[in-house]
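Both counts, for ligands and for their atoms, begin at 1 and track the order of listing. Given the structure is predicted, the values throughout are model-derived calculations rather than measurements.
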Amino acid sequence: MTVYNIALIGFGGVNRALAELIASKNPLWERDLGFRLNIVAVSDLYLGSVISPNGLDATTLVESKFAKGGFSQLSGGSAEANNEVVIKNAPADIIVEATFTNPKDGEPAVSHCRWALEGGKHVVTTNKGPVAIAAQELKALAKKNGVRFEYEGSVMSGTPVIRMVDKTLAGAELNGFEGILNGTSNFVLGRMETGMDFSAAVKEAQELGYAEADPTADVEGFDVRLKVVILANELLGANLTPDDVARKGISGLTAADIDTAKKAGSRWKLIGSAIRNADGSVTGSVEPKCLPLEHPLAAVSGATNAVSLNTELLGSVTVTGPGAGRIETAYALLSDIVAIHNLAGANLKKEAA
Ligand SMILES: NC(=O)C1=CN([C@@H]2O[C@H](COP(=O)(O)OP(=O)(O)OC[C@H]3O[C@@H](n4cnc5c(N)ncnc54)[C@H](O)[C@@H]3O)[C@@H](O)[C@H]2O)C=CC1
Ligand SMILES: N[C@@H](CC=O)C(=O)O
């Protein structure tokens with residue numbers, strides 16, 4: 001039986017959801033995917049950190065109501081989030097990075113990824129910071145150390161846009177994309193259409209686990225800007241940084257704007273896009289657009305995301321699916337681990353007794 005030892009960095013909505021899945025689905029994964037996951041360490045800013053070489057019980061981790069610093073109660077635990085010690089010293093095959101996204105410089109998550117890859121540990125992450133800001137460096141580091149840096153959940157949560165386009169649209173000649181890439185802002189706009197106030201709608205998105213720790217990132221377009229950078233660099237071969245992408249969020253939209261659009265048979269959406277220019281350069285942008293109801297992105301509601309890919313050979317191909325949510329995003333981490341598992345010659349497989 002193949003067992004992957006994993007260390008969770010950050011134990012908020014997403015990594016907690018992964019632990020929930022581990023608690024209930026390991027037997028299914030063993031049967032259908034050929035591996036099970038064993039949590040050997042967790043580190044969280046609020047809860048502290050713990051290393052348990054034989055593995056922590058996922059159900060206990062999920063069900064215990066730990067107070068601040070509560071991991072100190074566990075054997076091998078500390079009230080401090082000793083991320084560096086955990087990443088470097090825990091006997092993990094895979095580091096699962098799901099701390100806050102820092103849209104400015106990606107830190108400290110970039111360092112978390114660096115420490116892991118330098119130590120020959122795979123990284124799977126839903127954190128957009130390291131991917132948008134340091135993907136080239138981290139991919140090169142992974143290659144040098146014979147491991148993988150995987151980040152499917154950094155765009156559109158568990159909806160497999162990065163891997164799907166990479167694998168199944170190869171050769172279709174992608175010229176650009178436009179999409180709804182932030183679940184929170186789409187959810188908020190939908191709620192405002194029903195008459196809900198902006199702040200109440202943001203609060204609801206936070207309660208549902210969609211929003212960033214600071215929801216300004218969602219409603220002001222910073223989150224979409226990172227996702228445009230990730231998709232443009234990954235799928236269009238661009239070399240954009242967040243500062244290269246023009247950005248405008250939805251906070252300036254009033255109830256009257258929403259109402260006027262509705263009466264005109266249209267709907268406001270926060271659109272992230274990128275196009276390849278005639279000279280080969282790529283331009284990205286984030287802005288609210290008032291779309292006619294017949295537009296393919298106009299009907300995308302709630303925390304659902306969608307991206308229309310403009311290809312030379314197929315025309316427009318639209319991928320749609322969950323764009324946020326705890327379990328949905330934890331699934332992205334699982335899909336990254338499946339990708340690692342499926343790689344021929346992966347040297348991390350361990351035959352348990
Ligand atoms: N929730 C969602 O729907 C999605 C989230 N993401 C990204 O996944 C990551 C995790 O998201 P959530 O779990 O929803 O966030 P969250 O805010 O619920 O949890 C983040 C956790 O990380 C911990 N943390 C923050 N900085 C830390 C540090 N330096 N060291 C150790 N722990 C630290 C916090 O204490 C918190 O428990 C974020 O980067 C987010 O942008 C990506 C796609 C979808
Ligand atoms: N806060 C983000 C979560 C996923 O990246 C969103 O709402 O889309």
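Between Arg276 and Glu312 there is no salt bridge, since no side-chain N of the basic residue sits under 4.0 Å from a carboxylate O of the acidic one. By the 4.0 Å N-to-carboxylate-O rule, Glu234 lies close enough to Lys139 to be salt-bridged with it.
Using a 4.5 Å heavy-atom threshold, the side chains of Leu33 and His341 count as separate. You'll find the side chain of Ser335 reaches within 4.5 Å of the side chain of Arg163, heavy atoms only.
Considering only non-hydrogen atoms, atom 39 (O) of ligand 1 lies nearest to Thr99 out of Leu8, Thr99, Leu333, Val86. For atom 10 (C) of ligand 1, the choice among Ala98, Gly183, Ala213 with the nearest heavy atom turns out to be Ala98. The residue from Thr125, Thr329, Asp214 that puts a heavy atom closest to atom 4 (C) of ligand 1 is Thr329. Between Phe100, Phe11, Tyr46, it is Phe100 that holds the heavy atom closest to atom 17 (O) of ligand 1.
Interface atoms of ligand 1 facing Gly153, defined by a heavy-atom separation under 4.0 Å, are 42 (C), 43 (C). Residue Thr126 approaches ligand 1 through these ligand atoms, each under 4.0 Å from one of its heavy atoms: 6 (N), 7 (C), 8 (O), 9 (C), 42 (C). Residue contact check: Gly325 has heavy atoms under 4.0 Å from atoms 2 (C), 3 (O) of ligand 1. Every atom of ligand 1 with a heavy atom of Ala324 under 4.0 Å away is listed here by number and element: 3 (O). Taking every non-hydrogen atom of Pro108 and a distance limit under 4.0 Å, the qualifying atoms of ligand 1 come out as 29 (N). The ligand atoms of ligand 2 that sit less than 4.0 angstrom from a heavy atom of Gly323 are 4 (C), 8 (O). Within the listing of ligand 1, atoms 21 (C), 22 (O), 23 (C), 31 (C), 32 (N), 34 (C), 35 (O), 36 (C), 37 (O) sit less than 4.0 angstrom from a heavy atom of Asp44. If you number the atoms of ligand 2 from 1 as listed, the ones under 4.0 Å from a heavy atom of Asn182 come out as 2 (C), 6 (C), 7 (O), 8 (O). For ligand 1, the atoms closer than 4.0 angstrom to any heavy atom of Glu212 are 40 (C), 41 (O). Atoms of ligand 2 lying under 4.0 Å from any heavy atom of Glu212, numbered from 1 in the order shown and given with element: 1 (N), 2 (C), 3 (C).
Considering backbone and side-chain N/O atoms, Gly209 comes within less than 3.5 Å of an N/O atom of ligand 1. Of the N or O atoms in Ala211, none lie within a sub-3.5 Å distance of an N or O in ligand 2. Geometrically, ligand 2 and Lys128 share a nitrogen or oxygen pair separated by less than 3.5 Å. Polar contact check, Ala81 against ligand 1: no nitrogen or oxygen pair lies under 3.5 Å apart. On a distance-only criterion, Tyr210 and ligand 2 share at least one N/O pair closer than 3.5 Å.
Side chain of Ser266 to main chain of Ala261: a donor-acceptor pair is present (N/O by atom type, distance under 3.5 Å, no hydrogens or angles). Checked by atom type and distance alone, the side chain of Glu152 pairs as donor or acceptor with a backbone atom of Ile162 at under 3.5 Å. For the pair Asp93 (side chain) and Asn5 (backbone), a donor-acceptor distance under 3.5 Å is present. A donor-acceptor pair under 3.5 Å is formed between the side chain of Asn26 and the backbone N or O of Leu37. Here the side chain of Ser49 pairs a donor or acceptor atom with the backbone of Asn82 at under 3.5 angstrom. Although no hydrogens or angles enter the test, the distance criterion places no donor-acceptor pair under 3.5 Å between the side chain of Asp259 and the main chain of Ala255. Judged purely by atom type and a 3.5 angstrom limit, Lys269 has no side-chain atom pairing as donor or acceptor with the backbone of Ile180. With Arg191 contributing its side chain and Met196 its backbone, the two residues share no donor-acceptor pair below 3.5 Å. Between the side chain of Lys121 and the backbone N or O of Lys88, at least one donor-acceptor pair lies under 3.5 Å.
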Verify side chain to side chain contact (heavy atoms under 4.5 Å, CB included) between Phe100 and Leu45, making sure each step is shown before the conclusion.
-> CA-CA 10 Å; Phe100 302 145; Leu45 205 52; 4.2 Å; yes
In sequence, state the C-alpha distance, the side-chain angles, and the governing distance for Asn145 and Leu141, and then conclude on side chain to side chain contact (heavy atoms under 4.5 Å, CB included).
-> CA-CA 6 Å; Asn145 288 285; Leu141 200 54; 3.9 Å; yes
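Atom 8 (O) of ligand 2 has as its closest protein heavy atom Gly183 N, 2.7 Å. In terms of protein heavy-atom proximity, atom 16 (P) of ligand 1 is nearest to Gly13 N, 4.0 Å. Scanning all protein heavy atoms for the shortest distance to atom 7 (O) of ligand 2 gives Thr184 OG1, 2.7 Å. Remark: minimum distance from atom 32 (N) of ligand 1 to any protein heavy atom is reached at Leu45 N, 2.9 Å. Nearest protein neighbour of atom 19 (O) of ligand 1, counting heavy atoms only, is Gly12 CA, 3.2 Å.
Distances shorter than 4.0 angstrom do not occur between any heavy atom of Met156 and any atom of ligand 2. Contact annotation: Arg326 has no heavy atom less than 4.0 Å from any atom of ligand 1. Distances shorter than 4.0 angstrom occur between a heavy atom of Asn83 and an atom of ligand 1. Ser157 does not count as a contact of ligand 2, since none of its heavy atoms falls under 4.0 Å from the ligand.
The proximity of Glu328 to ligand 1, defined as any non-hydrogen pair under 4.0 Å, does not occur for either the backbone or the side chain. Only side-chain heavy atoms of Asp218 come within less than 4.0 Å of ligand 2; its backbone N, CA, C and O stay farther off. Contacts with ligand 1 closer than 4.0 Å are made by heavy atoms of both the backbone and the side chain of Val14. Counting heavy atoms closer than 4.0 Å to ligand 1, residue Arg16 contributes nothing at all.
Ring geometry for Trp29 versus Phe35: interplanar angle of 30 to 60°, hence tilted.
Between Lys104 and Ile133, the shortest heavy-atom distance links the atoms O-CD1, 3.7 Å.
For the salt bridge (Lys or Arg N to Asp or Glu O under 4.0 Å) with Glu137, the lone residue among Arg114, Lys143, Lys144 that qualifies is Arg114.
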